[in-house]
Each structure stands twice: as C-alpha cells, then as structure tokens.
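Right, one structure below, let's go through it.
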There are 2 protein chains.
Amino acid sequence: MSFVVKRRLALLPTDRSLSGALGLARGVDVLGLREAKKDRTRFQLLEAALDLIARQGFEQTTLNEIADAVQVSPRTLLRYFPTKEDVIVSWVDEGMAVLREGLEARPPGESRPEALLAAARDMLAAYQARGGFFLVIERAIATSDTVAARKQQMMEVLARDVSAILAEREDGQAQHGEARSSLIRDVHVGTVFAIIRASIRSWVGTNGGRPLPDLFDEAACAVRFVET
Amino acid sequence: MSFVVKRRLALLPTDRSLSGALGLARGVDVLGLREAKKDRTRFQLLEAALDLIARQGFEQTTLNEIADAVQVSPRTLLRYFPTKEDVIVSWVDEGMAVLREGLEARPPGESRPEALLAAARDMLAAYQARGGFFLVIERAIATSDTVAARKQQMMEVLARDVSAILAEREDGQAQHGEARSSLIRDVHVGTVFAIIRASIRSWVGTNGGRPLPDLFDEAACAVRFVET
DNA sequence: CGACAAATGACATAGTCTGCCAGCTTATCT
DNA sequence: AGATAAGCTGGCAGACTATGTCATTTGTCG
C-alpha cells in the first residue's frame, strides 16, 4: 500500500500519445487500445520518477516507489525500461536521436563542419521546442552522477553513429590514411558534442533563460574546425 | 574453494609499490608493513580483475571470483574499491589526475589554449610512459558499456575541476558576462577532452602502434581555439 | 462469442553494495 | 619486551537492482 500523493507535473496532457510528447513522428494514425495504454503507462512512469527524484534524489528513490505510484509491478516497470536510469535517460536519447536523421538529410555538398553544426543546431531547436519537457528531465539527470554517466554513455554511442554517418557521407574523399582521417573525424564529432553539452549545461543552469539555439551559436564561436 | 589458476599479467613486478606502478610520486620513503601490504593487495585485485575480464567479460565476472583469485573476502574487495567498476577505472582516474597538477603548474602568462593543450599533452606522455599498463586497462574498459560510462563520469568530474582551475587562473580577465565566459570555457575544456578521448581511442585501436603524444598532436590540429 | 497473442503480476534467483560486530594483526608507548 | 590502542579483515544480515519463469488477465481479431 502506497500513501504517495500523486502530484501531476502537467508536462503534457496525459491523453496525448508518447510520440506526441516527444514531438516525434511515429507512423501511426490510430493507436490500438493496447498501444495507447502502453504509451500512457510509459509516460506516467516518467512523471512519477521525475516527481520522486525531484524530492528525494535518484539513489534514494527505489523502483518499488516508482512502480507503486503508477500502480504497476516493479517487474513491469523493468519491462518498459531496461534499467532504472533509463526511466529518465531514454527520453533524452530519443530526443537526441534526431541528430542522426538531421545529419543524413544535409545536402551532400556541404562541408563536414557545416553539416555537423547545422544538424546539431536543428536538434537543439527541437529540444527547445518541447518547452520545459527536456529542461525538467535534464534537471533530474543533473542530480545524480550515475544517471549523468548513463546519459554520457548514450551520447557516446550517438557520437559513434554520427561519426559513421560522416564516414560514409565522405567516402572517396579520403586523402590521408584511414587511421588519421578517422582520428580527425572523431575530434570533430567530439568537439560538436562538447559544444552541445556546454550549451545544455548553460541552458539548464539558467533555467532555460535563453533559447538553446542561441547558446549553441555562442558556444560554437569558441572553436573553429580545421579541415584536413 | 577456488580453482582459478592465477596467471600473472606481469605488468609490473609485484614487489613494486602501487605508487611506483602509476609512476606517481607519493610522499613516501618507506611504507609501513601495513601500507605495503595494502598496496600489494590493491594491485593484485587489479591483476585478477583484468585477467578474468579479458577472458569472460566484465558483467560475467563477479566480485566473488575476483576476491577468490586474491584470496580475499568480497567484503574486503569493496573496502579497497567503492564499486566493482572502480577496480578497473580508478587507475585511469589516478593517471588522468595529473592533468590537474600539470595545469596548475603552467606559467601564468600562457594563454588558455596553450596551457590546456600543454597540460593534456604532458598527461598523455605520462600515460604513454607507463608502457602497456594503461593500454591493458583501456582495453578492459572498452569491453563493457557500464565501465566505459563510469570512466566518462570520472572524466566529467575532472573536466569540471579543470574548468574551475582555469576560472581561478584567469579571474580578473573576465570581460564578458559570467555566464558567457563559463560557457566558452566549458567548450574549450570539452574540446580538449574530445581530443584526448580521440587520441586514446586511436591509440587503443592500433594497440599502441604509435606514441600517444604524437596522436594527440595530430588530433589537436583538427580544431583551433578562438579566444574571447 | 471464442481463439489467439500480448501484457501483467507473482514468485524465485543472482549479484552488487552497505552496515555491523567480532577477531586478528600491526603500530605505538612505556 | 609487554601492554594497549588502532587499523584491517571476514562473516553475517539486509536492501536494492535486475533477470527468468509461469500462471493469469486483458486486448485483438475472426
């Protein structure tokens, strides 16, 4: 029996689908009752987790508490999210994943720095467009080192994907050894992610006082990419 | 009862002190019997962990196995290292921590990029000087996402410290708002860490084929720091 | 409605990590 | 050297995360 008072965060109307919450298109017209319920549960779990974590911190909040708040068994919670950290972090991951598509959609003629910066900026614009959604999530992440580590890890995976996309996009232009060109590519990608991270940190630190894309532009001025 | 055959990795003679293993000066002339024993146990735990992980992977290797191999109780293992991941990762942390001192030792007149790059290069030179030591560790880290995440976290903490050192080093020169200057500082620090990570990855990927400082120099050419 | 598939909950289990206490070893002082 | 204090170790109990399994419930479709 749980006596936790459920305080709605009102991030979004709960009758809205999960896909809608992220502002992501999911090829769906009408979700079946089943899928709608799943979407709703998934989002409720996020809400409960954010609420509890905001009050108690991440490590002090147990799986049981989160599950109880949504009246779901802990076993079920772990079927929705592979780990406790993922309850929070997977949303950021979904948000950032648009970087992949964005990058692939850039015109082929564009230089690597142009494409990278443009795609990253677009992603952060979408990030910003979700209102306080990601701001709340980022704040929750910032309260725990282990969650922050997990987010970093996901961004690392994303960085590899981005690097791979660039490699394919630019094949045939390799004028140096493979090792050297991938080294430099990794530096470029890593630098863009450094800009992204710094922007987000500043954004969170000032409670979203300034638009994220603006911060990104400002941050991007701090470095210049040297092309081979 | 454990039947694990103890295979020496022969990274270092075991009669050498832990401090020596890292090539770090620790204000010590003669370690007491107690401390010497602790150093030896700590290093044996690393050896056992590296050995087991190389064969079975990180998650498949339990605390019990590692502890058994050194004939120590699991409880004691966790007194030496706060978590299982730290058995491996804490060494990298100690190795990287020289970046702090190195940065503080840079001449005050130096520009931020100069100081950052020089300190980072020195750190990697020390890294390289330890021979295969860090190479083995990095390889073990690369086999598991959770360990990699933990390493990221430690580097994140280090990055904050570095940023703080820079902030203090440059106070009085602030000509923009505090928020803006810390944003740009974070980008600079993050970029240096991107260079470091890319170098290490390339180093590990080629099994240490080329000297780490050389890779660093090459990687550093890929970006240029814009001051103020 | 009835058959089928999916989702859920209720165990059981492994493994990580912490607190606690008793027993032993090392260091220190007389 | 001997006694006392301090530190180290091992074993035990307990909380929590995470995974596998199986019976039950719920949604879907003919």
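Chain naming here is simple, since letters A, B, ... match the order of the sequence lines and numbering starts at 1 in each. Atom set for the values below is all heavy atoms of this structure, side chains included, hydrogens, waters and symmetry mates excluded.
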#### Entry: Side-chain donor-acceptor pair present, A:Ser73, A:Thr76, cut-off under 3.5 Å
yes
### Task
Return the value, rounded to whole Å, for the distance between atom CG of A:Asp68 and atom P of C:dG9.
11 Å
### Query
What residues form a side-chain hydrogen bond (donor to acceptor under 3.5 Å, both in side chains) with B:Arg169, not counting sequence neighbours?
none
### Task
Please map the stems of DNA chain C, keeping only stretches of three or more Watson-Crick or G-U wobble pairs with both distances under 3.5 angstrom.
C:1-30 with D:1-30
### Task
Only counting residues at least two apart or in another chain, list the ones meeting salt bridge (charged side-chain N to carboxylate O under 4.0 Å, His left out) with B:Asp86.
B:Arg150
### Task
Go through the structure and list residues passing salt bridge (charged side-chain N to carboxylate O under 4.0 Å, His left out) with A:Lys151, not counting sequence neighbours.
A:Glu138
#### Entry: Whole angstrom value for the distance that separates P of D:dA6 from CD of B:Glu35
17 Å
Below 3.5 Å, can you tabulate the donor-acceptor pairs from side chains in residues 152-161 of chain A to any protein atom, sequence neighbours excluded?
from, atom 1, to, atom 2, distance (Å)
A:Gln152, OE1, A:Arg197, NH1, 3.2
A:Glu156, OE2, B:Arg201, NH2, 2.8
A:Asp161, OD2, A:Arg100, NH1, 2.2

### Atom-pair distance (CG on A:Asp39; P on D:dG27), nearest Å
16 Å
### Query
Considering residues at least two apart in sequence or located in another chain, which fulfil the side chain to side chain contact (heavy atoms under 4.5 Å, CB included) criterion with A:Ala67?
A:Pro74, A:Leu77
#### Entry: Residues which pass ring-ring contact (aromatic ring centres under 6.0 Å, His included) with A:Tyr127, listed by chain and number, not counting sequence neighbours
A:Phe134
### Summary
When rounded to whole Å, the CZ to P distance for the pair B:Arg40 and C:dT25 reads 15 Å
What does the list of N/O pairs under 3.5 Å between the protein and nucleotides 15-18 of chain D look like, with a distance for each?
from, atom 1, to, atom 2, distance (Å)
D:dT17, OP1, A:Leu63, N, 3.2
D:dT17, OP1, A:Lys84, NZ, 3.1
D:dT17, OP2, A:Leu63, N, 3.1
D:dA18, OP2, A:Lys84, N, 2.8

#### Entry: Set of residues satisfying salt bridge (charged side-chain N to carboxylate O under 4.0 Å, His left out) with respect to B:Arg106, sequence neighbours excluded
B:Glu110, B:Asp122
What's touching nucleotides 8-10 of chain D from the protein side, N or O pairs under 3.5 Å?
from, atom 1, to, atom 2, distance (Å)
D:dC8, OP1, B:Lys38, NZ, 2.8
D:dT9, OP1, B:Tyr80, OH, 3.0
D:dG10, OP2, B:Ser73, N, 3.1
D:dG10, OP2, B:Ser73, OG, 3.1
D:dG10, OP2, B:Thr76, OG1, 2.4
D:dG10, N7, B:Arg79, NH1, 3.3
D:dG10, O6, B:Arg79, NH2, 2.4

### Message
Run the salt bridge (charged side-chain N to carboxylate O under 4.0 Å, His left out) test against B:Arg75 and tell me which residues pass, sequence neighbours left out.
### Response
none
### Summary
The side-chain hydrogen bond (donor to acceptor under 3.5 Å, both in side chains) partners of B:Ser163 (sequence neighbours excluded) come to B:Arg185, B:Asp186
